[in-house]
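Keep in mind that this is a model prediction, so the values were computed, not measured. A note on names: the letters A, B, ... follow the listed sequences, proteins ahead of strands, and every chain is numbered from 1.
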There are 2 protein chains.
Amino acid sequence: MSNGGSFDQSCAPTLFARHDEIYREGKPAEFIYKIESGCVRTHNTLNGGRRQIDAFYFPGEFFGLDAHAVHGSSAVAVIPSAIRIMSRAAGDVVTTQHLLTLTAGEMQRIKKHNQLLRKRAEERVVGFLLDLAQRGRNQSEVDLPMARRDIADYLDLTIETVSRTLSRLERASAISLATPWRVILRDPSAIDWFNSQT
Amino acid sequence: MSNGGSFDQSCAPTLFARHDEIYREGKPAEFIYKIESGCVRTHNTLNGGRRQIDAFYFPGEFFGLDAHAVHGSSAVAVIPSAIRIMSRAAGDVVTTQHLLTLTAGEMQRIKKHNQLLRKRAEERVVGFLLDLAQRGRNQSEVDLPMARRDIADYLDLTIETVSRTLSRLERASAISLATPWRVILRDPSAIDWFNSQT
DNA sequence: CGTCACATTGAACCTCTTCAAGCGCCGTGG
DNA sequence: CCACGGCGCTTGAAGAGGTTCAATGTGACG
């Protein structure tokens with residue numbers, strides 16, 4: 001698969017502070033974005049104030065690949081982040097073929113998230129941790145830049161359930177919480193097992 | 001949006017009987033498919049025998065738009081169906097632009113399904129019925145060609161909960177079950193309301 | 001008329017949510 | 001420098017919603 005190498009140097013990265021909005025739901029989707037450093041989340045706010053997080057993105061990953069002319073969700077920096085912004089207009093450095101590849105990858109990601117939402121709370125949390133471990137540099141240590149509220153809204157659980165589940169996993173010696181935002185996985189090989197669970 | 005009109009006549013439809021497999025998970029994704037008549041479901045079988053239905057497709061809709069070189073799920077005819085099969089190879093009648101449009105639409109559909117999975121049982125069932133009503137010819141009468149087991153595996157509920165929820169909706173005069181596979185919606189305008197619930 | 005597959009209904013159980021309180025960290029101000 | 005207050009995480013107890021197990025109902029087909 002293309003890693004976007006052919007067009008990722010097309011502009012200087014823009015800096016965003018913690019909780020800065022990168023684009024807003026409903027606005028025209030003119031650009032695609034690539035994370036250089038930091039972490040971004042995309043979310044919709046349903047009427048009722050309830051918030052739904054669609055995805056977290058980490059360095060090297062692309063986001064903003066909405067289906068239609070307008071963004072279906074808002075993007076916000078979870079921590080200070082550097083992001084490359086590229087026009088998705090036809091005829092630009094971003095080709096239709098690129099877009100198709102990236103969009104197909106995004107679809108894959110959503111399907112995976114979909115499967116996660118069908119599992120029980122503990123499996124969701126474990127799946128989330130293993131996913132982050134796999135995407136991070138260190139397979140056995142995971143950094144959680146986002147708050148419990150964000151994790152809960154991503155996994156469709158309450159913050160209490162997320163917290164309780166992490167505590168239970170720690171008591172069971174499956175993980176270790178160095179700090180609430182730094183998790184050590186006791187069995188990194190669990191990643192392979194989990195990924196085989198289609 | 002393109003309705004695919006430029007290439008939907010490129011071959012004669014193939015007929016599939018009830019429960020016939022159209023393609024299988026893991027096989028190369030060489031074609032895309034358009035339903036002329038009938039109904040198709042796509043599903044994965046997780047190890048553990050548990051089945052997960054990703055989508056139902058109806059006349060006029062496309063399926064088989066998997067992200068990668070191989071299908072991520074199997075496709076099966078729910079009832080006797082006529083399906084047009086087209087090669088997705090580059091240089092064929094199906095252009096990259098077509099594929100991007102169709103894939104983006106598929107992504108939209110998955111996101112919608114995703115939101116459905118975050119709701120409570122009753123909302124999932126109602127959302128499912130309204131979705132089918134909207135896609136069908138008659139806004140106030142829905143035909144359910146699939147079994148309760150299929151609906152349950154699509155909504156991530158048990159067949160008991162689906163059945164109980166439908167019964168409760170009928171007692172509440174929200175719907176009417178002419179037969180277990182024919183639902184009359186008492187308030188079709190609910191579709192607009194439900195779609196506004198992001 | 002009997003059988004089979006599917007749908008419906010009931011009751012006990014379990015998981016997650018809800019409501020409520022406690023804890024720890026950090027920045028601010030006296 | 002330390003007390004205070006706010007914010008986010010954790011923990012506990014009660015309650016609601018769905019699942020599980022089990023039985024009953026119903027229509028199609030031989």
Side-chain angles (χ1 to χ4, degrees), chain A residues 18-19 39 41 46 48-53 76 78-79 116-129 142-172 174-183, chain B residues 17-19 39 41 46 48-53 76 78-80 116-129 142-172 174-183:
Chain A
R18 181 176 139 101
H19 296 169
C39 175
R41 65 159 203 257
L46 293 74
R50 199 162 163 71
R51 212 183 48 164
Q52 170 179 329
I53 290 187
V76 171
V78 172
I79 47 174
L116 207 58
L117 291 179
R118 291 172 181 253
K119 296 173 182 284
R120 43 140 78 347
E122 183 171 305
E123 291 176 292
R124 287 187 214 177
V125 173
V126 171
F128 177 69
L129 292 176
V142 180
D143 185 61
L144 301 175
M146 69 294 286
R148 292 288 186 274
R149 151 112 276 118
D150 289 339
I151 300 177
D153 289 348
Y154 176 72
L155 297 177
D156 195 32
L157 297 171
T158 60
I159 54 177
E160 292 95 331
T161 299
V162 171
S163 184
R164 270 190 264 268
T165 304
L166 287 171
S167 299
R168 198 168 338 113
L169 287 171
E170 185 171 36
R171 275 195 298 275
I175 65 170
S176 189
L177 288 162
T179 77
W181 302 277
R182 184 136 209 93
V183 182
Chain B
R18 181 176 139 100
H19 296 171
C39 175
R41 66 159 202 256
L46 293 74
R50 198 161 165 72
R51 212 183 48 164
Q52 169 179 330
I53 290 186
V76 171
V78 172
I79 48 173
L116 207 58
L117 291 179
R118 291 172 180 252
K119 296 171 183 285
R120 45 137 80 11
E122 184 171 304
E123 292 175 290
R124 288 187 213 177
V125 172
V126 171
F128 177 70
L129 292 177
V142 180
D143 185 60
L144 300 175
M146 70 293 287
R148 291 290 186 271
R149 150 114 279 117
D150 290 338
I151 300 176
D153 290 347
Y154 176 72
L155 297 178
D156 194 33
L157 296 172
T158 60
I159 55 178
E160 292 93 332
T161 299
V162 171
S163 185
R164 269 189 264 270
T165 303
L166 287 171
S167 299
R168 197 167 340 112
L169 287 171
E170 185 171 36
R171 274 196 298 277
I175 64 170
S176 190
L177 288 161
T179 76
W181 303 277
R182 185 138 207 92
V183 182

(request) Would you indicate what B/Leu157 reaches in the nucleic acid, counting non-hydrogen atoms under 4.0 angstrom: base, sugar-phosphate, or nothing? (result)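 Sugar-phosphate only.
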Distances under 3.5 Å between protein N/O atoms and the N/O atoms of nucleotides 20-24 of chain D, please, pair by pair.
| unit_1 | atom_1 | unit_2 | atom_2 | d |
| --- | --- | --- | --- | --- |
| D/dT20 | O4 | B/Arg164 | NH2 | 2.7 |
| D/dC21 | N4 | B/Glu160 | OE2 | 3.1 |

(message) I want to check something: taking the side chain as every heavy atom from C-beta on, are A/Asp143 and A/Arg182 in contact at a cut-off of under 4.5 Å?
(response)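 They are in side-chain contact.
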(request) Taking the side chain as every heavy atom from C-beta outward, state whether A/Arg51 and A/Leu46 have any atom pair closer than 4.5 Å. (result)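 Counting from C-beta outward, A/Arg51 and A/Leu46 never come under 4.5 Å.
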Integer-rounded Å distance: [N] [atom2] and [X] [atom1]:
X	N	atom1	atom2	answer
B/Leu144	C/dC6	CG	C1'	14 Å
A/Arg124	C/dT17	CZ	P	7 Å
B/Arg120	D/dT19	CZ	P	13 Å
B/Lys119	D/dG18	NZ	P	13 Å
A/Leu155	C/dT15	CG	C1'	16 Å
B/Arg171	C/dT8	CZ	C1'	10 Å
B/Ile159	D/dG18	CD1	P	16 Å
A/Arg118	D/dG18	CZ	P	16 Å

(message) Between the side chains of A/Asp156 and A/Arg50, is the shortest nitrogen-to-carboxylate-oxygen separation below 4.0 Å, so that they form an ion pair?
(response)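 Salt bridge between A/Arg50 and A/Asp156, a charged N being under 4.0 Å from a carboxylate O: yes.
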(message) Could you measure the distance from the CD1 atom of A/Ile151 to the CG atom of A/Leu144? Nearest 0.5 Å is fine.
(response)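 Interatomic distance, A/Ile151 CD1 to A/Leu144 CG, rounded to 0.5 Å: 5.0 Å.
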(message) Tell me whether the side-chain N/O atoms of B/Ser167 come closer than 4.0 Å to OP1 or OP2 in C/dT9.
(response)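 For C/dT9, OP1 or OP2 has a side-chain N or O of B/Ser167 closer than 4.0 Å.
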(message) Please confirm whether the shortest side-chain N or O distance from A/Trp181 to OP1 or OP2 of D/dC9 is below 4.0 Å.
(response)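 The answer is yes; a side-chain N or O of A/Trp181 sits under 4.0 Å from OP1 or OP2.
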(request) Pull out every residue in residues 146-154 of chain A that has a heavy atom closer than 4.0 Å to any atom of DNA chain D, ordered by number, or say none. (result)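 Output list: A/Ala147, A/Arg148.
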(message) Walk me through whether A/Arg41 and A/Asp153 qualify under salt bridge (Lys or Arg N to Asp or Glu O under 4.0 Å).
(response) CA-CA 11 Å; A/Arg41 65 159 203 257; A/Asp153 289 348; over 6 Å; no
(request) Return the nearest nucleotide to the side chain of A/Leu177; candidates are D/dT10, C/dT8, D/dG8. (result)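 The nucleotide sitting nearest to the side chain is D/dT10.
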(request) Compare the minimum distances between each of D/dT11, D/dG18, C/dA7 and the side chain of B/Ser163, then state the nucleotide with the smallest one. (result)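 Nearest nucleotide to the side chain: C/dA7.
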(request) Quick one: closest heavy-atom pair of A/Arg148 and A/Val162, and the distance? (result)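 Looking at all heavy atoms of both residues, the shortest contact is CD-CG1, 3.9 Å.
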(message) On a heavy-atom basis, which atom in A/Leu117 and which in A/Tyr154 lie closest, and how many Å separate them?
(response)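 Residues A/Leu117 and A/Tyr154, closest heavy atoms: CD2-O, 3.9 Å.
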(message) Has B/Thr165 got a side-chain atom pairing as donor or acceptor with B/Thr161's backbone, closer than 3.5 angstrom?
(response)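 It does hold such a pair.
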(request) Would you confirm whether B/Glu170, through its side chain, and B/Leu177, through its main-chain N or O, come within 3.5 Å as a donor-acceptor pair? (result)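 Present.
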